[in-house]
2 protein chains.
Amino acid sequence: MVAMETTATTEPIALLRGAGLRVTDSRVAVIAALDERPHSGVDTVLTAVATVLPSTSRQAVHNVLNDLTEAGIARRIEPAGQPGLYELRVGDNHHHIVCQRCGAVADVDCVTGHAPCLTPSTTSGFDLSEAEVTFWGVCSACKASQADAGETTP
Amino acid sequence: MVAMETTATTEPIALLRGAGLRVTDSRVAVIAALDERPHSGVDTVLTAVATVLPSTSRQAVHNVLNDLTEAGIARRIEPAGQPGLYELRVGDNHHHIVCQRCGAVADVDCVTGHAPCLTPSTTSGFDLSEAEVTFWGVCSACKASQADAGETTP
DNA sequence: ATCTTGTTTTTACTGTGTCAAAAGTAGGAC
DNA sequence: GTCCTACTTTTGACACAGTAAAAACAAGAT
């Protein structure tokens, strides 16, 4: 554990300590990976972590991501038809826009105008706790390569 | 093929013919099942269909549901952490509210007030095509049995 | 430095869904 | 009414994402 010259981009150690989680290389590396590439899946995180800690197992990444999510350090999103993705932005209620061709994800701050931004017209007796919005579209990269465009789900 | 006393609730045969799909027992049964229990998963549909056509395979249900979805007769939704669910309401842009305990799903007609109901504040260069809203909460049944909280996925 | 407890590895397994070839059936043509 | 062909269904195998559990190991307190 290095730790003296800390103050990395998101201060992984402070995040972990603050959540009462042990500071381990894997966790620090996962947080760093998510900080660099938000909306990463397990595979992407594993690849990034493996450049620093080659012995890391996929299961370890699953464990760490689950731990971080439970601790409120990370957030998991799961666009339909894709494996779960993780990001460090938590606590602010932001949404996502997903590319229907390549699966790229970008953040969307909030729906225009309204602060609570969403209230269902009928709650059907449910106790409402959260509104999740996913926008679907085509990212600029995919728009550019209009012609070929992967063959999956236009 | 029974079919004489048709005119069921959603006229499955007309739906299939209109979409250029062949009318088969399985398809009619699947449509009937979805009509009775919207937001059903493959298993639920299979159970319902099997009471009428006991030889039906799970694969057949997958095939039929995929066909119906492609034909625009059914719509697939996929709340995070749950297998895909299907419903016959298509074409109207409605949303869903999902119970965080038991997974129950109810329809929500639209977000209050606004007609286009959703526009992202920033599109990050995406061509927007659709907005999907999922509300999360606790259904009345789960509220009632607060203590134990069921585990069954209805 | 040692101990305790939490973390990671390893291996196996479950659930959800897809793929592909063979067998069977709907629906139009005769 | 009967036959033919293309579309459906069955069967069985497989892919992918994630979970489960026990043994090896490391963080942090004493």
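FYI, side chains are in, hydrogens and waters are out, and symmetry mates aren't considered; it's all heavy atoms of this structure. Every chain is numbered from 1 and lettered A, B, ... according to where its sequence line falls, protein lines coming before strand lines.
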As an exercise, state the distance from [atom1] of [X] to [atom2] of [Y], rounded to the nearest 0.5 Å.
X	Y	atom1	atom2	answer
B:Leu16	B:Ile73	CG	CD1	5.0 Å
B:Glu132	B:His96	CD	NE2	9.0 Å
B:Leu65	B:Tyr86	CG	OH	5.0 Å

Query raised in the report: Below 4.0 angstrom, N of the basic side chain to O of the carboxylate: do A:Asp109 and A:Arg89 qualify?
Result: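 Salt bridge present between A:Asp109 and A:Arg89.
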Spacing of [X] atom [atom1] relative to [N] atom [atom2], expressed in whole Å:
X	N	atom1	atom2	value
A:Glu78	D:dA17	CD	C1'	10 Å
A:Leu46	D:dA17	CG	C1'	14 Å
A:Leu53	D:dA26	CG	P	12 Å
A:Gln82	C:dG17	CD	P	15 Å
B:Leu65	D:dT9	CG	C1'	14 Å
A:His62	C:dA12	NE2	C1'	14 Å

Query - Along DNA chain C (nearest heavy atom to each residue), the more 5'-positioned of A:Asn63 and B:Arg17 - result: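 First, find each residue's nearest nucleotide; the 5'-ward one identifies A:Asn63.
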**Report entry** Distance-only polar pair, side chains of B:His39 and B:Gln82, donor-acceptor under 3.5 Å
**Finding:**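 There is no such pair between these side chains.
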Query raised in the report: Do you see a donor-acceptor pair shorter than 3.5 Å between the side chains of A:Gln59 and A:Asn63?
Result: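 On atom types as modelled, these side chains qualify, holding a pair under 3.5 Å.
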Query raised in the report: Using rotation axes that map the C1' atoms of four end pairs onto the next four (five pairs an end), what angle separates the end axes of the helix from C:dA1-D:dT30 to C:dC30-D:dG1, to 10°?
Result: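 About 30°, once rounded to a multiple of 10°.
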**Report entry** Residue B:Arg75 excluded, over 12 heavy atoms near CZ under 6.0 Å
**Finding:**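 Atom CZ in B:Arg75 is packed in, count exceeds 12.
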With a non-hydrogen cut-off below 4.0 angstrom, is [X] in contact with a base, only sugar-phosphate, or nothing?
X	value
B:Gly41	nothing
A:Arg58	nothing
A:Asp43	nothing

**Report entry** Minimum-distance nucleotide to B:Val42 side chain [options: C:dT18, C:dG17, D:dT10]
**Finding:**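 Among C:dT18, C:dG17, D:dT10, the one nearest the side chain of B:Val42 is C:dG17.
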**Report entry** Over all atoms of both residues, closest heavy-atom pair of B:Cys99 and B:Cys139
**Finding:**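 Minimum heavy-atom separation between B:Cys99 and B:Cys139: SG-N, 3.3 Å.
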Requested in this report: Determine whether A:Val105 and B:Leu128 fall in the same hydrophobic cluster, where Ile, Leu, Val, Met, Phe, Trp and Tyr are linked whenever their side-chain heavy atoms lie under 4.5 Å apart.
Outcome: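 The answer is no; the residues belong to distinct hydrophobic clusters.
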Requested in this report: Please answer: with hydrophobic residues joined when any side-chain heavy atoms are less than 4.5 Å apart, are A:Leu88 and A:Leu46 in the same cluster?
Outcome: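 They do share one cluster, since a chain of ILVMFWY contacts under 4.5 Å joins A:Leu88 to A:Leu46.
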Could you run down the sub-3.5 Å N/O contacts of the protein with nucleotides 13-16 of chain D?
none

Query - side-chain contact (heavy atoms from CB on, under 4.5 Å) partner of B:Val61, the single match among B:Thr44, B:Asp43, B:Val42 - result: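 Result for side-chain contact (heavy atoms from CB on, under 4.5 Å) with B:Val61: B:Val42.
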Query - The single option from B:Val49, B:Asp25, B:Thr56 passing side-chain contact (heavy atoms from CB on, under 4.5 Å) against B:Val30 - result: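 Single pass found, and it is B:Val49.
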Query raised in the report: Would you say C:dG17 has OP1 or OP2 under 4.0 Å from some side-chain N or O of B:Arg76?
Result: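 For C:dG17, OP1 or OP2 has a side-chain N or O of B:Arg76 closer than 4.0 Å.
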Query - Phosphate OP1/OP2 of D:dT19: any A:Asn66 side-chain N/O under 4.0 Å - result: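 For D:dT19, OP1 or OP2 has a side-chain N or O of A:Asn66 closer than 4.0 Å.
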Considering only nitrogen or oxygen atoms on both sides, find all protein atoms under 3.5 Å from nucleotides 4-7 of chain C and state each distance.
residue	atom	partner	partner atom	Å
C:dT5	O2	A:Arg22	NH1	3.2
C:dT5	O2	A:Arg22	NH2	3.0
C:dG6	O4'	A:Arg22	NH1	3.4
C:dG6	O4'	A:Arg22	NH2	3.1
C:dT7	OP1	A:Arg27	NH1	2.6
C:dT7	OP1	A:Arg27	NH2	3.0
C:dT7	O5'	A:Arg27	NH2	3.3

